[in-house]
Peer 1: 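The structure's right below; bear with me while I get my questions together.
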There are 2 protein chains.
Amino acid sequence: MNIGEAAKASGVSAKMIRYYESIHLIPTAGRTGSGYRVYSATEVQMLRFIRRSRDLGFSVEKIEELLALWRDRTRQSADVKRLATDQIDGLERKVREMQAMIDTLRHLADACCGDHRPDCPILADLGQGTEPGPVGKSIQTAKATAAQLSAFR
Amino acid sequence: MNIGEAAKASGVSAKMIRYYESIHLIPTAGRTGSGYRVYSATEVQMLRFIRRSRDLGFSVEKIEELLALWRDRTRQSADVKRLATDQIDGLERKVREMQAMIDTLRHLADACCGDHRPDCPILADLGQGTEPGPVGKSIQTAKATAAQLSAFR
DNA sequence: CCTTGACCTTACCATGATGGGAAGCACTAT
DNA sequence: ATAGTGCTTCCCATCATGGTAAGGTCAAGG
(Lines give C-alpha, C1' and ligand atoms only; values in the text may rest on other atoms or scores of the structure.)
Protein backbone atom coordinates (compact mmCIF):
# COMPACT_ATOMS: atom_id res chain seq x y z
CA MET A 1 0.00 0.00 0.00
CA ASN A 2 1.22 3.45 -0.98
CA ILE A 3 1.55 6.32 1.46
CA GLY A 4 -1.39 8.00 -0.25
CA GLU A 5 -3.60 4.97 0.21
CA ALA A 6 -2.44 4.55 3.79
CA ALA A 7 -3.28 8.20 4.36
CA LYS A 8 -6.78 7.73 3.00
CA ALA A 9 -7.29 4.52 4.97
CA SER A 10 -6.04 5.97 8.25
CA GLY A 11 -7.17 9.56 8.07
CA VAL A 12 -3.60 10.75 8.64
CA SER A 13 -2.17 12.92 5.87
CA ALA A 14 0.81 11.62 3.92
CA LYS A 15 2.72 14.61 5.17
CA MET A 16 2.05 13.67 8.77
CA ILE A 17 2.84 10.01 8.18
CA ARG A 18 6.30 11.01 6.99
CA TYR A 19 6.61 13.35 9.95
CA TYR A 20 5.63 10.63 12.44
CA GLU A 21 8.23 8.40 10.87
CA SER A 22 10.89 11.10 11.08
CA ILE A 23 10.32 11.59 14.81
CA HIS A 24 10.19 7.82 15.30
CA LEU A 25 6.63 7.73 16.53
CA ILE A 26 6.12 4.94 14.01
CA PRO A 27 8.73 2.51 12.75
CA THR A 28 10.56 3.18 9.50
CA ALA A 29 8.30 2.09 6.67
CA GLY A 30 9.42 -0.48 4.15
CA ARG A 31 10.29 0.67 0.64
CA THR A 32 9.73 -0.57 -2.86
CA GLY A 33 12.71 -0.92 -5.15
CA SER A 34 12.10 2.59 -6.41
CA GLY A 35 11.92 4.12 -2.95
CA TYR A 36 8.19 4.34 -2.37
CA ARG A 37 7.07 3.72 1.22
CA VAL A 38 4.96 0.61 1.68
CA TYR A 39 2.34 0.09 4.37
CA SER A 40 0.61 -3.02 5.65
CA ALA A 41 -2.76 -3.26 7.38
CA THR A 42 -0.96 -3.39 10.73
CA GLU A 43 0.75 -0.11 10.06
CA VAL A 44 -2.48 1.48 8.93
CA GLN A 45 -4.05 0.32 12.17
CA MET A 46 -1.29 2.03 14.11
CA LEU A 47 -1.87 5.19 12.13
CA ARG A 48 -5.56 5.04 12.95
CA PHE A 49 -4.67 4.60 16.60
CA ILE A 50 -2.59 7.74 16.37
CA ARG A 51 -5.29 9.61 14.53
CA ARG A 52 -7.90 8.72 17.10
CA SER A 53 -5.57 9.66 19.93
CA ARG A 54 -4.94 13.04 18.31
CA ASP A 55 -8.70 13.48 18.00
CA LEU A 56 -8.87 13.10 21.75
CA GLY A 57 -6.28 15.83 22.12
CA PHE A 58 -3.31 13.69 23.12
CA SER A 59 0.09 15.15 22.31
CA VAL A 60 2.51 13.15 20.21
CA GLU A 61 4.54 12.62 23.36
CA LYS A 62 1.58 11.03 25.12
CA ILE A 63 0.70 9.00 22.06
CA GLU A 64 4.18 7.52 22.26
CA GLU A 65 3.30 6.26 25.72
CA LEU A 66 -0.09 5.04 24.60
CA LEU A 67 1.45 3.12 21.72
CA ALA A 68 4.00 1.55 24.03
CA LEU A 69 1.22 0.34 26.31
CA TRP A 70 -0.79 -0.82 23.33
CA ARG A 71 2.07 -3.00 22.18
CA ASP A 72 2.87 -4.27 25.66
CA ARG A 73 0.70 -7.27 26.42
CA THR A 74 1.83 -7.23 30.04
CA ARG A 75 0.71 -3.65 30.58
CA GLN A 76 -1.40 -2.67 33.57
CA SER A 77 -4.66 -1.03 32.63
CA ALA A 78 -4.07 1.39 35.51
CA ASP A 79 -1.25 2.95 33.47
CA VAL A 80 -3.54 3.52 30.53
CA LYS A 81 -6.25 4.90 32.74
CA ARG A 82 -3.81 7.32 34.31
CA LEU A 83 -2.89 8.69 30.89
CA ALA A 84 -6.55 9.14 30.12
CA THR A 85 -7.43 10.86 33.38
CA ASP A 86 -4.36 13.10 33.11
CA GLN A 87 -5.61 14.08 29.69
CA ILE A 88 -9.04 14.78 31.10
CA ASP A 89 -7.51 16.92 33.85
CA GLY A 90 -5.49 18.92 31.37
CA LEU A 91 -8.46 19.49 29.11
CA GLU A 92 -10.62 20.51 32.04
CA ARG A 93 -8.04 22.99 33.23
CA LYS A 94 -7.97 24.51 29.77
CA VAL A 95 -11.75 24.60 29.64
CA ARG A 96 -11.89 26.37 32.99
CA GLU A 97 -9.38 28.96 31.82
CA MET A 98 -11.31 29.60 28.66
CA GLN A 99 -14.58 29.69 30.53
CA ALA A 100 -13.14 32.41 32.74
CA MET A 101 -12.19 34.40 29.66
CA ILE A 102 -15.65 33.89 28.23
CA ASP A 103 -17.28 35.06 31.46
CA THR A 104 -15.19 38.21 31.54
CA LEU A 105 -15.80 38.91 27.87
CA ARG A 106 -19.51 38.37 28.16
CA HIS A 107 -19.67 40.66 31.14
CA LEU A 108 -17.88 43.35 29.16
CA ALA A 109 -19.86 42.79 25.99
CA ASP A 110 -23.14 42.95 27.90
CA ALA A 111 -22.14 46.34 29.24
CA CYS A 112 -21.39 47.65 25.75
CA CYS A 113 -24.42 49.02 23.98
CA GLY A 114 -22.84 48.24 20.62
CA ASP A 115 -24.19 51.08 18.56
CA HIS A 116 -22.71 53.96 16.55
CA ARG A 117 -21.46 55.83 19.61
CA PRO A 118 -17.79 55.58 20.56
CA ASP A 119 -18.21 55.01 24.30
CA CYS A 120 -17.27 51.45 25.09
CA PRO A 121 -16.77 49.77 28.45
CA ILE A 122 -14.78 47.01 26.77
CA LEU A 123 -12.06 49.37 25.64
CA ALA A 124 -12.34 51.23 28.91
CA ASP A 125 -11.59 48.03 30.80
CA LEU A 126 -8.74 46.99 28.54
CA GLY A 127 -7.26 50.46 28.67
CA GLN A 128 -7.62 50.79 32.38
CA GLY A 129 -5.06 48.08 32.87
CA THR A 130 -6.25 46.00 35.79
CA GLU A 131 -3.24 46.48 38.00
CA PRO A 132 -1.92 43.46 39.81
CA GLY A 133 -2.49 45.33 43.06
CA PRO A 134 -4.58 44.06 45.97
CA VAL A 135 -7.87 45.59 44.86
CA GLY A 136 -8.48 45.19 41.13
CA LYS A 137 -10.71 47.93 39.86
CA SER A 138 -12.01 46.21 36.75
CA ILE A 139 -13.63 42.89 36.17
CA GLN A 140 -10.91 40.44 36.94
CA THR A 141 -12.00 36.92 36.24
CA ALA A 142 -9.74 35.43 33.64
CA LYS A 143 -6.36 34.88 35.18
CA ALA A 144 -4.88 32.69 32.49
CA THR A 145 -2.71 34.14 29.77
CA ALA A 146 -3.27 32.99 26.24
CA ALA A 147 0.31 31.86 26.48
CA GLN A 148 -0.46 29.64 29.41
CA LEU A 149 -3.48 28.36 27.55
CA SER A 150 -1.61 27.14 24.54
CA ALA A 151 1.21 26.01 26.81
CA PHE A 152 -0.68 22.85 27.67
CA ARG A 153 0.10 20.23 25.07
CA MET B 1 11.80 54.34 31.60
CA ASN B 2 13.86 51.32 30.62
CA ILE B 3 12.43 48.30 28.86
CA GLY B 4 12.87 46.30 32.06
CA GLU B 5 10.89 48.81 34.08
CA ALA B 6 8.24 49.01 31.36
CA ALA B 7 8.05 45.22 31.43
CA LYS B 8 7.53 45.18 35.17
CA ALA B 9 4.99 47.99 35.01
CA SER B 10 2.99 46.43 32.18
CA GLY B 11 3.31 42.73 32.86
CA VAL B 12 4.69 42.18 29.36
CA SER B 13 8.16 40.65 29.21
CA ALA B 14 10.98 42.70 27.70
CA LYS B 15 11.32 40.02 25.09
CA MET B 16 7.72 40.39 24.04
CA ILE B 17 7.91 44.18 24.05
CA ARG B 18 10.72 43.99 21.51
CA TYR B 19 8.74 41.42 19.55
CA TYR B 20 5.62 43.59 19.49
CA GLU B 21 7.74 46.46 18.24
CA SER B 22 9.29 44.29 15.53
CA ILE B 23 5.88 43.26 14.17
CA HIS B 24 4.68 46.87 14.47
CA LEU B 25 1.97 46.13 16.97
CA ILE B 26 3.38 49.04 18.95
CA PRO B 27 5.22 52.07 17.56
CA THR B 28 9.01 52.14 17.47
CA ALA B 29 10.21 53.09 20.92
CA GLY B 30 12.44 56.11 21.46
CA ARG B 31 16.11 55.53 22.25
CA THR B 32 18.65 57.03 24.58
CA GLY B 33 21.96 58.15 23.14
CA SER B 34 23.41 54.72 23.90
CA GLY B 35 20.61 52.86 22.18
CA TYR B 36 18.43 51.89 25.14
CA ARG B 37 14.69 51.89 24.46
CA VAL B 38 12.73 54.49 26.39
CA TYR B 39 9.10 54.20 27.42
CA SER B 40 6.60 56.74 28.68
CA ALA B 41 3.51 56.15 30.78
CA THR B 42 1.41 56.24 27.60
CA GLU B 43 3.39 53.43 26.08
CA VAL B 44 3.19 51.39 29.25
CA GLN B 45 -0.56 51.86 29.18
CA MET B 46 -0.66 50.48 25.65
CA LEU B 47 1.40 47.51 26.77
CA ARG B 48 -1.04 46.87 29.59
CA PHE B 49 -3.87 47.05 27.09
CA ILE B 50 -2.11 44.40 25.05
CA ARG B 51 -1.40 42.28 28.09
CA ARG B 52 -4.98 42.35 29.20
CA SER B 53 -6.20 41.53 25.71
CA ARG B 54 -3.88 38.55 25.57
CA ASP B 55 -5.23 37.46 28.94
CA LEU B 56 -8.63 37.36 27.31
CA GLY B 57 -7.25 35.14 24.59
CA PHE B 58 -7.16 37.67 21.75
CA SER B 59 -4.62 36.98 19.03
CA VAL B 60 -2.07 39.61 18.17
CA GLU B 61 -3.98 40.18 14.95
CA LYS B 62 -7.17 40.94 16.86
CA ILE B 63 -5.30 43.11 19.32
CA GLU B 64 -4.15 45.18 16.38
CA GLU B 65 -7.80 45.86 15.59
CA LEU B 66 -8.61 46.53 19.22
CA LEU B 67 -5.77 49.02 19.48
CA ALA B 68 -6.90 50.79 16.32
CA LEU B 69 -10.39 51.16 17.77
CA TRP B 70 -8.93 52.26 21.08
CA ARG B 71 -7.04 55.07 19.40
CA ASP B 72 -9.92 56.07 17.16
CA ARG B 73 -12.12 58.50 19.03
CA THR B 74 -14.75 58.28 16.31
CA ARG B 75 -15.07 54.51 16.60
CA GLN B 76 -18.44 52.83 16.89
CA SER B 77 -18.81 50.72 19.97
CA ALA B 78 -20.58 48.15 17.81
CA ASP B 79 -17.24 47.37 16.17
CA VAL B 80 -15.62 46.71 19.52
CA LYS B 81 -18.52 44.62 20.65
CA ARG B 82 -18.31 42.52 17.51
CA LEU B 83 -14.65 41.75 18.20
CA ALA B 84 -15.59 40.73 21.72
CA THR B 85 -18.50 38.52 20.71
CA ASP B 86 -16.45 36.93 17.94
CA GLN B 87 -13.86 36.13 20.55
CA ILE B 88 -16.54 34.64 22.77
CA ASP B 89 -17.82 32.55 19.88
CA GLY B 90 -14.36 31.24 19.09
CA LEU B 91 -13.65 30.37 22.70
CA GLU B 92 -17.01 28.66 23.05
CA ARG B 93 -16.39 26.60 19.97
CA LYS B 94 -13.07 25.51 21.38
CA VAL B 95 -14.67 24.72 24.72
CA ARG B 96 -17.32 22.60 23.04
CA GLU B 97 -14.68 20.67 21.13
CA MET B 98 -12.70 20.03 24.27
CA GLN B 99 -15.80 19.12 26.20
CA ALA B 100 -16.56 16.49 23.57
CA MET B 101 -13.08 15.07 24.02
CA ILE B 102 -13.52 15.08 27.78
CA ASP B 103 -16.85 13.28 27.52
CA THR B 104 -15.39 10.59 25.30
CA LEU B 105 -12.33 10.19 27.52
CA ARG B 106 -14.39 9.99 30.66
CA HIS B 107 -16.63 7.39 29.13
CA LEU B 108 -13.60 5.31 28.20
CA ALA B 109 -11.85 5.84 31.53
CA ASP B 110 -14.97 4.86 33.44
CA ALA B 111 -15.05 1.59 31.54
CA CYS B 112 -11.43 0.85 32.43
CA CYS B 113 -11.03 -0.88 35.76
CA GLY B 114 -7.53 0.55 36.10
CA ASP B 115 -5.83 -2.26 37.95
CA HIS B 116 -2.88 -4.57 37.31
CA ARG B 117 -4.61 -6.49 34.54
CA PRO B 118 -3.78 -5.64 30.92
CA ASP B 119 -7.33 -5.59 29.55
CA CYS B 120 -8.26 -2.03 28.73
CA PRO B 121 -11.26 -0.67 26.84
CA ILE B 122 -9.41 2.58 26.26
CA LEU B 123 -6.72 0.92 24.17
CA ALA B 124 -9.36 -1.30 22.62
CA ASP B 125 -11.24 1.74 21.42
CA LEU B 126 -8.17 3.56 20.16
CA GLY B 127 -6.95 0.43 18.42
CA GLN B 128 -10.26 -0.36 16.89
CA GLY B 129 -10.07 2.73 14.80
CA THR B 130 -13.56 4.20 14.67
CA GLU B 131 -14.03 4.01 10.94
CA PRO B 132 -15.64 6.98 9.25
CA GLY B 133 -18.33 4.60 8.05
CA PRO B 134 -22.08 5.10 8.57
CA VAL B 135 -22.31 3.11 11.80
CA GLY B 136 -19.42 3.80 14.12
CA LYS B 137 -18.79 0.86 16.41
CA SER B 138 -16.98 2.69 19.16
CA ILE B 139 -17.84 5.69 21.23
CA GLN B 140 -17.77 8.53 18.79
CA THR B 141 -18.30 11.84 20.45
CA ALA B 142 -15.26 14.01 19.92
CA LYS B 143 -15.17 15.01 16.29
CA ALA B 144 -12.59 17.76 16.52
CA THR B 145 -8.98 17.08 15.76
CA ALA B 146 -6.36 18.47 18.07
CA ALA B 147 -5.14 20.22 14.97
CA GLN B 148 -8.46 21.94 14.47
CA LEU B 149 -8.43 22.83 18.13
CA SER B 150 -5.20 24.72 18.05
CA ALA B 151 -6.11 26.06 14.63
CA PHE B 152 -8.30 28.74 16.19
CA ARG B 153 -6.26 31.81 16.90
C1' DC C 1 39.84 55.31 38.00
C1' DC C 2 38.60 50.57 37.72
C1' DT C 3 35.89 46.66 38.69
C1' DT C 4 31.68 44.29 39.36
C1' DG C 5 27.13 43.23 38.58
C1' DA C 6 22.90 44.25 36.62
C1' DC C 7 20.87 45.63 32.56
C1' DC C 8 20.54 46.62 27.72
C1' DT C 9 21.40 45.50 22.56
C1' DT C 10 21.02 42.30 18.39
C1' DA C 11 20.88 37.81 16.32
C1' DC C 12 19.87 33.21 16.11
C1' DC C 13 17.54 28.88 17.55
C1' DA C 14 13.68 26.13 19.58
C1' DT C 15 9.04 24.97 20.55
C1' DG C 16 4.42 21.62 18.34
C1' DA C 17 1.91 19.91 14.79
C1' DT C 18 0.79 20.98 10.52
C1' DG C 19 0.56 22.79 5.65
C1' DG C 20 2.72 24.56 1.33
C1' DG C 21 5.73 24.43 -2.36
C1' DA C 22 9.60 23.22 -5.54
C1' DA C 23 12.51 20.05 -8.07
C1' DG C 24 12.98 15.65 -9.61
C1' DC C 25 11.88 10.61 -10.14
C1' DA C 26 8.25 6.66 -10.72
C1' DC C 27 4.15 4.69 -12.21
C1' DT C 28 -0.15 4.15 -15.12
C1' DA C 29 -3.19 4.75 -18.79
C1' DT C 30 -3.90 6.19 -23.26
C1' DA D 1 5.79 8.10 -26.17
C1' DT D 2 3.46 11.24 -23.54
C1' DA D 3 0.51 13.14 -20.13
C1' DG D 4 -0.95 13.09 -15.65
C1' DT D 5 -0.79 11.63 -11.11
C1' DG D 6 1.80 10.29 -7.18
C1' DC D 7 5.95 9.63 -4.77
C1' DT D 8 10.59 11.43 -2.91
C1' DT D 9 13.40 14.95 -0.25
C1' DC D 10 14.28 19.56 1.34
C1' DC D 11 13.15 23.98 2.86
C1' DC D 12 9.99 27.45 4.64
C1' DA D 13 5.93 29.29 7.38
C1' DT D 14 2.86 29.29 11.11
C1' DC D 15 2.05 31.67 16.44
C1' DA D 16 3.67 33.64 20.60
C1' DT D 17 7.07 32.87 23.54
C1' DG D 18 11.49 31.61 25.80
C1' DG D 19 16.51 30.74 25.74
C1' DT D 20 21.18 31.79 24.85
C1' DA D 21 25.34 34.07 23.35
C1' DA D 22 28.31 37.93 22.39
C1' DG D 23 28.95 42.40 23.30
C1' DG D 24 27.85 47.37 24.91
C1' DT D 25 26.15 50.49 29.03
C1' DC D 26 25.27 52.13 33.47
C1' DA D 27 25.56 52.78 38.53
C1' DA D 28 27.66 51.83 42.81
C1' DG D 29 31.58 50.95 45.56
C1' DG D 30 36.60 50.12 46.29
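Naming convention: chains lettered A, B, ... in sequence-line order (proteins, then strands); numbering from 1 in each chain. Computed from a predicted model, the values in this text were never measured in an experiment.
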Peer 1: I need the A:Cys112 SG to A:His107 NE2 distance, nearest 0.5 Å.
Peer 2: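 Result: 13.0 Å between the selected atoms.
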
Peer 1: Between B:Arg37 and C:dC8, is there a side-chain N or O to OP1/OP2 distance below 4.0 Å?
Peer 2: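 Result: no.
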
Peer 1: Between B:Lys8 and B:Arg31, which residue's closest nucleotide on DNA chain C lies nearer the 5′ terminus?
Peer 2: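 Per heavy-atom nearest nucleotide, the more 5' residue is B:Lys8.
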
Peer 1: By the salt bridge (Lys or Arg N to Asp or Glu O under 4.0 Å) test, which pairs, at least two apart or in different chains, include something from residues 67-81 of chain A?
Peer 2: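 Salt bridge (Lys or Arg N to Asp or Glu O under 4.0 Å) check on residues 67-81 of chain A returns A:Asp79-A:Arg82.
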
Peer 1: Closest heavy-atom contact between A:Ala109 and B:Ala84?
Peer 2: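 That closest heavy-atom pairing would be CB-CB, 4.4 Å.
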
Peer 1: May I have the distance from A:Leu47 (atom CG) to C:dA17 (atom P), rounded to whole angstrom?
Peer 2: 16 Å

Peer 1: Can you tell me if the side-chain N/O atoms of A:Ser13 get under 4.0 Å from OP1 or OP2 in C:dG19?
Peer 2: yes

Peer 1: I'd like a table of atom pairs between the protein and nucleotides 26-30 of chain C - only N or O on both sides, under 3.5 Å - with the distance next to each one.
Peer 2:
{"from": "C:dA26", "atom 1": "O4'", "to": "A:Tyr36", "atom 2": "OH", "distance (Å)": "3.4"}
{"from": "C:dA26", "atom 1": "O3'", "to": "A:Ser34", "atom 2": "OG", "distance (Å)": "3.1"}
{"from": "C:dC27", "atom 1": "OP1", "to": "A:Ser34", "atom 2": "OG", "distance (Å)": "2.6"}

Peer 1: Rounded to whole Å, how long is the line connecting atom CD1 of A:Ile23 with atom C1' of C:dG16?
Peer 2: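 To the nearest whole Å, that distance equals 9 Å.
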
Peer 1: When the distance from CE of A:Met16 to P of D:dC7 is rounded to whole Å, what number comes out?
Peer 2: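 The answer, rounded to whole Å, is 17 Å.
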
Peer 1: Do you know the tightest heavy-atom contact between A:Ser13 and A:Ala7?
Peer 2: C-CB, 4.1 Å

Peer 1: Taking atom P of D:dA16 as reference, at what distance in whole Å does atom CD1 of B:Ile50 sit?
Peer 2: 12 Å

Peer 1: What distance separates B:Arg54 CZ from A:Leu126 CG, expressed to the nearest 0.5 Å?
Peer 2: 13.0 Å

Peer 1: For B:Leu66 versus B:Ser53, what's the shortest heavy-atom pair and its separation?
Peer 2: CD1-OG, 4.0 Å

Peer 1: Nearest-Å distance, CG (B:Asp55) to P (D:dT17)?
Peer 2: 10 Å

Peer 1: Would you say C:dA17 has OP1 or OP2 under 4.0 Å from some side-chain N or O of A:Arg51?
Peer 2: no

Peer 1: Can you tell me how far C1' of D:dG18 sits from CZ of B:Arg54, to the nearest Å?
Peer 2: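 One finds 14 Å between C1' of D:dG18 and CZ of B:Arg54, rounded.
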
Peer 1: Can you tell me if B:Asn2 touches the phosphate of C:dC7, counting only side-chain N or O atoms and a distance under 4.0 Å to OP1 or OP2?
Peer 2: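 Checking C:dC7 against B:Asn2, no side-chain N or O comes under 4.0 Å of OP1 or OP2.
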
Peer 1: Would you indicate what B:Arg18 reaches in the nucleic acid, counting non-hydrogen atoms under 4.0 angstrom: base, sugar-phosphate, or nothing?
Peer 2: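 Base, at least one base heavy atom under 4.0 Å.
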
Peer 1: Nucleotides 19-21 of chain D: which of its N/O atoms have a protein N/O under 3.5 Å away?
Peer 2:
{"from": "D:dG19", "atom 1": "N7", "to": "B:Lys15", "atom 2": "NZ", "distance (Å)": "2.8"}
{"from": "D:dG19", "atom 1": "O6", "to": "B:Lys15", "atom 2": "NZ", "distance (Å)": "2.3"}
{"from": "D:dT20", "atom 1": "O4", "to": "B:Lys15", "atom 2": "NZ", "distance (Å)": "2.7"}

Peer 1: Expressed as a whole number of angstroms, how long is the span from B:Glu21:CD to C:dA11:P?
Peer 2: 12 Å

Peer 1: Just checking, any donor-acceptor pair under 3.5 angstrom between side chains of B:Ser40 and B:Glu43?
Peer 2: yes

Peer 1: Crowded around A:Glu61 CD? As in, over 12 foreign heavy atoms under 6.0 Å?
Peer 2: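 At most 12 heavy atoms, drawn from other residues, nucleotides or ligands, come within 6.0 Å of this atom.
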
Peer 1: Using 0.5 Å steps for rounding, measure from the CG atom of B:Asp115 to the SG atom of B:Cys120.
Peer 2: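 Nearest 0.5 Å value for the CG-SG distance: 10.0 Å.
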
Peer 1: Output yes when at least one side-chain N/O atom of B:Tyr19 is less than 4.0 Å from OP1 or OP2 of D:dC15, else no.
Peer 2: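 For B:Tyr19, the contact criterion (side-chain N or O under 4.0 Å from OP1 or OP2 of D:dC15) is not met.
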
